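Contents: one structure, followed by commentary.
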Amino acid sequence: MSLNAANIEQRVLEHMHKEWGWIALRGLCALIFGLLALVMPAATLAVLVLLWGAYALVDGVLALVAGVRIREHGKPLWPLIIVGLVGIGAGIVTFFWPGVTALTLIFIIGSWAIAIGVFQIMAAIRLRKQIQGEWLHALSGLLSIVFGLLVVLRPGAGAIALTWLIGWFAICFGVLLLVLAFRLRKQPV
């Protein structure tokens, strides 16, 4: 790795260390959303749509803020900004079309999870030599991709089963993001 690339990655790591709280907040929101989904498994699909839309919107805003605040070459971290925009877009679509069918919702959720997972893994690979525990970031991305594929490939799942699947996914994803955030906080820069 060239000295310039190492300096750039070190600066990204410094920004991530400084802004670890945004990652922790994303993890906490995912954890809360997951618990709510498990506590209310008999909720109607309309409530699930709105609950998921709110989560995607909040997660998108938090990812967007983190992407703008974490710098690479003095510029925003674009993969995280894209994740944020995808989340915001998915949340907005959900609110503007609350009558969306279960099948359409499943494909929106699955596609969103796959996109988020790909960008999480890209970020982990990019920073693998700079942070300890980058595998947690990659694992959260892999978990997101697997979840997305399961949702897209099994669209006939019932609403309650989908609620439980979403709940457990969000809890696992949130815990992994919280662990990553606290490791970043302790990471020497």
Side-chain angles (χ1 to χ4, degrees), residues 5-39 51-92 94-95 109 112-145 147-148 166-189:
N7 288 341
I8 291 167
E9 288 180 0
Q10 181 63 30
R11 280 189 238 138
V12 170
L13 177 60
E14 288 171 7
H15 281 286
M16 288 181 75
H17 173 76
K18 182 179 170 188
E19 304 295 339
W20 70 271
W22 290 105
I23 296 169
L25 190 55
R26 282 184 70 205
L28 183 61
C29 285
L31 193 58
I32 290 169
F33 170 76
L35 291 171
L36 285 172
L38 292 179
V39 170
L51 186 62
W52 183 82
Y55 166 70
L57 190 59
V58 168
D59 182 69
V61 168
L62 293 174
L64 184 61
V65 169
V68 168
R69 294 183 63 104
I70 297 171
R71 298 292 178 164
E72 179 180 33
H73 302 294
K75 295 180 182 172
L77 195 60
W78 285 104
L80 199 51
I81 288 174
I82 292 169
V83 165
L85 292 174
V86 168
I88 290 169
I92 288 171
T94 301
F95 285 119
I109 292 171
W112 171 80
I114 291 167
I116 296 256
V118 168
F119 286 111
Q120 294 281 106
I121 291 172
M122 285 173 52
I125 290 170
R126 192 172 202 183
L127 297 171
R128 71 185 176 277
K129 294 180 182 177
Q130 299 298 319
I131 62 174
Q132 292 178 345
E134 81 287 350
W135 65 272
L136 291 168
H137 204 48
L139 185 59
S140 70
L142 181 61
L143 176 66
S144 188
I145 291 171
F147 167 77
I166 290 169
W168 283 113
F169 158 73
I171 288 170
C172 293
F173 187 75
V175 167
L176 289 170
L177 282 179
L178 284 169
V179 170
L180 173 67
F182 287 107
R183 282 191 175 217
L184 283 170
R185 180 178 180 228
K186 291 180 182 179
Q187 177 78 26
V189 279

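The model shown is predicted, which means the values in this text are computed figures rather than measured ones. Computation of the quantities below employed the complete heavy-atom set of this structure, encompassing side-chain atoms and omitting hydrogens, waters and symmetry-equivalent molecules.
Atom CD of Q120 is separated from atom CG of L139 by 10.5 Å, given to the nearest 0.5 angstrom. If you take CG on L77 and CE on M16, they are separated by 7.5 Å, rounding to the nearest 0.5 Å. Annotation: the span from L136 atom CG to L143 atom CG amounts to 12.0 Å, rounded to 0.5 Å. The CD1 atom of I23 sits 7.5 Å away from atom CG of L80, with the distance rounded to the nearest 0.5 Å. Atom CG in L184 sits 10.0 Å away from atom CG in L177 (nearest 0.5 Å). Note: I171 CD1 to L35 CG = 4.5 Å, rounded to the nearest 0.5 Å.
Closest heavy-atom contact between C29 and V58: SG-CG1, 3.8 Å. The two atoms that bring G167 and A37 nearest to each other are CA-CB, 3.7 Å, heavy atoms only. Residues I121 and L142 come closest through the heavy atom pair CD1-N, 3.7 Å. Between P79 and F119, the shortest heavy-atom contact is CB-CD2, 3.9 Å. A pairwise comparison of heavy atoms in A56 and G91 identifies CB-N, 4.0 Å as the closest pair. When every heavy atom of F95 is checked against every heavy atom of A54, the shortest pair comes out as CZ-N, 3.5 Å.
When the shell of 6.0 Å around CH2 of W22 is examined, it contains 12 or fewer heavy atoms from other residues, nucleotides or ligands.
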Going through the checks in order, is the side chain to side chain contact (heavy atoms under 4.5 Å, CB included) test met by F173 and I116?
-> CA-CA 11 Å; F173 187 75; I116 296 256; 4.1 Å; yes
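The salt bridge (Lys or Arg N to Asp or Glu O under 4.0 Å) analysis of residues 170-186, with sequence neighbours excluded, yields no pairs.
A donor-acceptor pair under 3.5 Å is absent between the side-chain atoms of S144 and the main chain of S140, judged by distance alone. Under a 3.5 Å cut-off, the side chain of H137 and the backbone N or O of L180 do not form any donor-acceptor pair.
Within the 4.5 Å cutoff, side-chain heavy atoms of I109 are placed close to those of F147. For the pair V65 and E19, the minimum side-chain heavy-atom distance is 4.5 Å or more. Taking 4.5 Å as the limit, every side-chain heavy atom of Y55 sits out of range of all side-chain heavy atoms of I166.
The side chain to side chain contact (heavy atoms under 4.5 Å, CB included) test with R26 is passed by exactly one of V83, L178, L31, V61: V83.
A perpendicular orientation is assigned to the rings of W112 and F169, their planes being inclined by more than 60° (bins at 30° and 60°).
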